[in-house]
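Report on one structure; see the data block that follows.
Predicted model only: the values in this text are computed from it and were never measured.
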Amino acid sequence: AIMCYLSKKSTKMPNAIALSLVTPYVKRHGCLPQRGFTLIEIMVVIVILSIFAGMMALSVGGSDNRKNLAFYEHLQSNLDYIRLLSLENMQPYGLAIKLAQGDTPNQLVVVKLDNAFTNRQVVANFDTQSASNAKPTWQLEPTIAALEVPKNIQVRIEPLDNPSMSAPSTEPLATWLVGNEAPPVVWFGTGEATPVQISVQKTNPDKQVYPVAKPLIINQAGALEVAK
């Protein structure tokens, strides 16, 4: 009480009077009186620290969400660009998933079909070795950088029904355009593509899976749509 009084009134109180009030207390207790924290002050500090910790957690989570959305938007841009590239060059292009190797994460890579316009009649006249060498093959497109898939993100490519492929045809598509020899998404160079749905999903630490954004759909015309 003395120190509280002095802290408020010391500017108006002569030094001699202040010393006369404090000296007996110091002689009796050996030190000046000290004021501790009240319960209310401690609770206020705890609340402030809790709010600060919550803000930090939201900041970290928000950073991951922004990174995932940036990957999703980058994927959209790549899909549009691949379609235009295939139309411009009139050549089949595809999108494939390259699995992680060592420190390199999963990647989405763009591939191009080499020897796509090999004349079938000429190949038929070759011997077996020449025909094997002339067979179209999918190769990485060096002008488009691989798109790295962020940690805890999965990209699923699922085929959609394609009426034109199920209809009877006198000349079925080659195995390197559809089937196991082809990437999951193919633009044929004619404006058409294999219709697929591409889902980008994130797995939480508790193993719950949720979509980063709405699935992307590549329709039969090769155009990119966002699922409703």
Do side-chain atoms of [X] reach the backbone of [Y] as a donor and acceptor pair under 3.5 angstrom?
{"X": "Gln91", "Y": "Leu113", "result": "yes"}
{"X": "Asn106", "Y": "Ala100", "result": "yes"}
{"X": "Arg156", "Y": "Ser199", "result": "no"}
{"X": "Asn219", "Y": "Ala221", "result": "yes"}

Please answer: with hydrophobic residues joined when any side-chain heavy atoms are less than 4.5 Å apart, are [X] and [Y] in the same cluster?
{"X": "Leu177", "Y": "Val109", "result": "yes"}
{"X": "Ile198", "Y": "Ile144", "result": "yes"}
{"X": "Val155", "Y": "Tyr210", "result": "no"}
{"X": "Val226", "Y": "Ile217", "result": "no"}
{"X": "Leu147", "Y": "Val186", "result": "no"}

Give me the atom names and distance for the closest heavy-atom approach of [X] to [Y].
{"X": "Gly222", "Y": "Arg83", "result": "O-CD, 2.7 Å"}
{"X": "Pro150", "Y": "Lys67", "result": "CB-CD, 4.5 Å"}
{"X": "Gln197", "Y": "Leu160", "result": "N-CG, 3.9 Å"}
{"X": "Pro92", "Y": "Ser86", "result": "CA-OG, 4.4 Å"}
{"X": "Trp138", "Y": "Tyr93", "result": "CZ3-C, 3.8 Å"}

Exercise. Quick one: salt bridge (charged side-chain N to carboxylate O under 4.0 Å, His left out) partners of Lys98, sequence neighbours excluded?
Worked result: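 Lys98 satisfies salt bridge (charged side-chain N to carboxylate O under 4.0 Å, His left out) with no other residue.
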Distance from [X] atom [atom1] to [Y] atom [atom2], nearest 0.5 Å?
{"X": "Ile82", "Y": "Glu141", "atom1": "CD1", "atom2": "CD", "answer": "9.5 Å"}
{"X": "Thr203", "Y": "Asn152", "atom1": "OG1", "atom2": "CG", "answer": "6.5 Å"}
{"X": "Asn89", "Y": "Lys112", "atom1": "CG", "atom2": "NZ", "answer": "7.5 Å"}
{"X": "Ile157", "Y": "Leu216", "atom1": "CD1", "atom2": "CG", "answer": "10.5 Å"}

For this session: Apply side chain to side chain contact (heavy atoms under 4.5 Å, CB included) to the pair Trp187 and Leu95, showing each step before the final yes or no.
Result: CA-CA 9 Å; Trp187 289 262; Leu95 181 72; 4.2 Å; yes
Exercise. Can Asn68 and Val200 be said to form a side chain to side chain contact (heavy atoms under 4.5 Å, CB included), step by step?
Worked result: CA-CA 9 Å; Asn68 296 338; Val200 180; over 6 Å; no
Result block: side-chain N/O donor-acceptor pairs under 3.5 angstrom for residues 71-81, not counting sequence neighbours:
{"from": "Tyr72", "atom 1": "OH", "to": "Lys214", "atom 2": "O", "distance (Å)": "2.6"}
{"from": "Ser77", "atom 1": "OG", "to": "Glu73", "atom 2": "O", "distance (Å)": "3.2"}

Problem set entry | CG/Asp103: more than 12 non-hydrogen atoms of other groups inside 6.0 Å |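 Counting neighbours around CG of Asp103, 12 or fewer heavy atoms of other residues, nucleotides or ligands fall under 6.0 Å, so no.
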For this session: Under the side chain to side chain contact (heavy atoms under 4.5 Å, CB included) rule, what do Leu140 and Val110 come out as? Steps first, then yes or no, please.
Result: CA-CA 6 Å; Leu140 285 175; Val110 179; over 6 Å; no
For this session: Test Thr194 against Ile218 for side chain to side chain contact (heavy atoms under 4.5 Å, CB included), laying out the working first.
Result: CA-CA 7 Å; Thr194 51; Ile218 298 175; over 6 Å; no
